[in-house]
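Below is one structure, written out as structure tokens; the observations come after it.
The sequence lines fix the lettering, A, B, ..., with proteins before strands; numbering per chain opens at 1.
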2 protein chains.
Amino acid sequence: MPAKVSDSTIRRLSHYLRILEAMARDGGGTVSSVQLAAAAGTTAAQVRKDLSLFGSFGKRGHGYQVAELADRVREILGLGRDWRVALVGAGRIGSALFEYADFRRRGFHIVAVLDVDPAKIGERWGTLAVEDVASLEAALEREGVEVLIVTVPATEAQAIVDRAVASGVRGILNFAPTQLRTEDGVFVHDVNMVMELEALSFDLTNRIPADVGDTAD
Amino acid sequence: MPAKVSDSTIRRLSHYLRILEAMARDGGGTVSSVQLAAAAGTTAAQVRKDLSLFGSFGKRGHGYQVAELADRVREILGLGRDWRVALVGAGRIGSALFEYADFRRRGFHIVAVLDVDPAKIGERWGTLAVEDVASLEAALEREGVEVLIVTVPATEAQAIVDRAVASGVRGILNFAPTQLRTEDGVFVHDVNMVMELEALSFDLTNRIPADVGDTAD
DNA sequence: AGACGCTTGTGAAATAGTTCACAATGCTAG
DNA sequence: CTAGCATTGTGAACTATTTCACAAGCGTCT
Ligand SMILES: NC(=O)c1ccc[n+]([C@@H]2O[C@H](COP(=O)([O-])OP(=O)(O)OC[C@H]3O[C@@H](n4cnc5c(N)ncnc54)[C@H](O)[C@@H]3O)[C@@H](O)[C@H]2O)c1
Ligand SMILES: NC(=O)c1ccc[n+]([C@@H]2O[C@H](COP(=O)([O-])OP(=O)(O)OC[C@H]3O[C@@H](n4cnc5c(N)ncnc54)[C@H](O)[C@@H]3O)[C@@H](O)[C@H]2O)c1
């Protein structure tokens, strides 16, 4: 793997993979960088540059084999295996995520659900029972959890994460709108919907296209 | 407003705003760029550069007034007003979002909920009734909707968005894992959790820190 | 076998974004 | 009023990312 791979390259690879999988379902065959770029909303040069960071996957004059390229991208992203995931916070967003089939389909298996609310502890969720967050460490170790999905209130998130990291969790998908602090070697990705709405608000307010006057102020 | 403002600047401004609001609740006073940067996980120079794109909000030697800076950032982001939002797809993620208080608190008001499922149409959601998506256009126009949250299956998303754009919607927050095509002047922001998990998978697979051998292959 | 058409892979150029470093400035104290 | 201190605002330097542009390579056709 190359020393430096930008975050945006990784996001695009994930995007390419989704497109390649759809193409494979539709019969597969080959794609050129131009076609893949059109489907992903980027440029052909960008597609080729992204892929070339990891190797030479195409045939000159003919493009890429859809199925094979999907396999290579999956491998690059580390998706050639299953990941064991725990969900902390069995609330509204937590339950939506639990039932989201795409996670499992991509190899992310929720193997434990934890909450602090006595009314929720013991509830059956699919084949699991919601556990008491008091035994977070035990659950993480018992299930060999590597990735934590955090859907607790923002005030609780840091404490949960500290405990999970102490129990060996190295990857965190955080839905709480708070800046998590972790040691090196722990990867945190935030999903922040309010931020996206605010970015939309900025766009709508300030990025009105040229035909409407935008030179004021 | 400056001609070019990067996306990352906007994301950071939203982040600063959340921090400033927390500081304001804790008493406020002033913040320096160093303090704000520490709270946001960035650098002081970055904070000052971001803000200086829009004006001079600080006092040399003393930093920024928390409450005043929060106001200015809110204004920059176009948050000095309420936004009328419709939610299409009254399913699992849609219902979690509907009840998410932070949206309303930030001025994003869900004023219509629509679905195609006869079992859902007519359900009372808070003060609203779930409406038939067949009357999407009527609902959007009646409520003066500007922003659409899309939580329908990926296969349905493009058609919904085309209709909404034809009815005057210019901002879309899309949860469906599909690349939406829209005309110029329509802003789409995607929330893609699978992409975040895949990025995490890449990190855990390839970005193992230096003390573990990472020069192999 | 050679020529052709098409598309990759990739250095080099261009553009975008971040960090540096410091003069300018406001406040406080004496 | 002046000195001293802290911190902003900002060009300039640096780094990262994207785009350009084209030689290299593959398969096909004659
Ligand atoms: N609902 C949404 O659409 C949405 C969207 C984006 C982000 N979020 C964020 O996700 C988080 C959860 O939101 P929600 O709407 O699902 O709230 P919720 O109140 O429905 O769920 C939170 C759950 O966490 C549990 N909990 C609280 N403290 C805990 C602890 N210390 N350990 C374990 N469990 C604990 C609660 O019992 C509850 O079941 C919040 O940080 C929120 O800001 C929610
Ligand atoms: N559940 C999650 O945690 C989650 C996470 C990320 C993304 N998503 C995405 O969000 C979308 C919805 O997921 P979900 O889990 O809530 O699914 P869901 O099946 O629970 O909800 C989808 C809803 O959309 C409605 N619907 C279908 N076609 C429609 C149409 N043409 N017009 C209006 N409504 C229509 C359905 O009746 C249903 O109520 C999907 O694209 C999914 O990939 C879901």
Is any side-chain N or O of [X] closer than 4.0 Å to OP1 or OP2 of [N]?
{"X": "B:Ser32", "N": "D:dT7", "value": "no"}
{"X": "B:Ser33", "N": "D:dT8", "value": "yes"}
{"X": "B:Tyr64", "N": "C:dG26", "value": "no"}

Separation of atom [atom1] in [X] from atom [atom2] in [N], rounded to whole Å:
{"X": "A:Phe54", "N": "C:dT8", "atom1": "CZ", "atom2": "P", "answer": "18 Å"}
{"X": "B:Leu53", "N": "C:dT18", "atom1": "CG", "atom2": "C1'", "answer": "12 Å"}
{"X": "B:Phe57", "N": "C:dT25", "atom1": "CZ", "atom2": "P", "answer": "18 Å"}
{"X": "B:Gln65", "N": "D:dT7", "atom1": "CD", "atom2": "C1'", "answer": "14 Å"}

Going by side chain to side chain contact (heavy atoms under 4.5 Å, CB included), name the residues that satisfy it together with [X], two or more places apart in sequence or in a different chain.
{"X": "A:Arg12", "value": "A:Ser8, A:Thr9, A:Tyr16, A:Thr42, A:Gln46, A:Asp50"}
{"X": "A:Glu99", "value": "B:Arg92"}
{"X": "B:Asp7", "value": "A:Arg207"}

- Message: Across nucleotides 16-26 of chain D, 5' to 3', mark each nucleotide with B, S or - according to how protein heavy atoms within less than 4.0 Å reach it.
- Response: -SSBBB-BBBB
- Task: Only counting residues at least two apart or in another chain, list the ones meeting salt bridge (charged side-chain N to carboxylate O under 4.0 Å, His left out) with B:Arg11.
- Result: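 Checked B:Arg11 against salt bridge (charged side-chain N to carboxylate O under 4.0 Å, His left out); matches are A:Glu196.
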- Query: Can you list the residues that meet the salt bridge (charged side-chain N to carboxylate O under 4.0 Å, His left out) rule with B:Arg181, with sequence neighbours excluded?
  - Reply: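 Scan of B:Arg181 (salt bridge (charged side-chain N to carboxylate O under 4.0 Å, His left out), adjacent residues dropped) gives none.
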- Message: I need the minimum non-hydrogen distance between A:Ala164 and A:Leu148, along with the two atoms involved.
- Response: CB-CD2, 3.6 Å
- Check side chain to side chain donor-acceptor pair (under 3.5 Å) between A:His62 and all other residues, then give those that pass, not counting sequence neighbours.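 By the side chain to side chain donor-acceptor pair (under 3.5 Å) rule, A:His62 matches no residue at all.
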- Mind checking what makes side chain to side chain donor-acceptor pair (under 3.5 Å) contact with A:Asp115, not counting sequence neighbours?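 Expected list: none.
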- Starting from Watson-Crick (N1-N3 plus N6-O4 or O6-N4) and G-U wobble pairs under 3.5 Å, report the runs of at least three that DNA chain C belongs to. C:1-30 with D:1-30
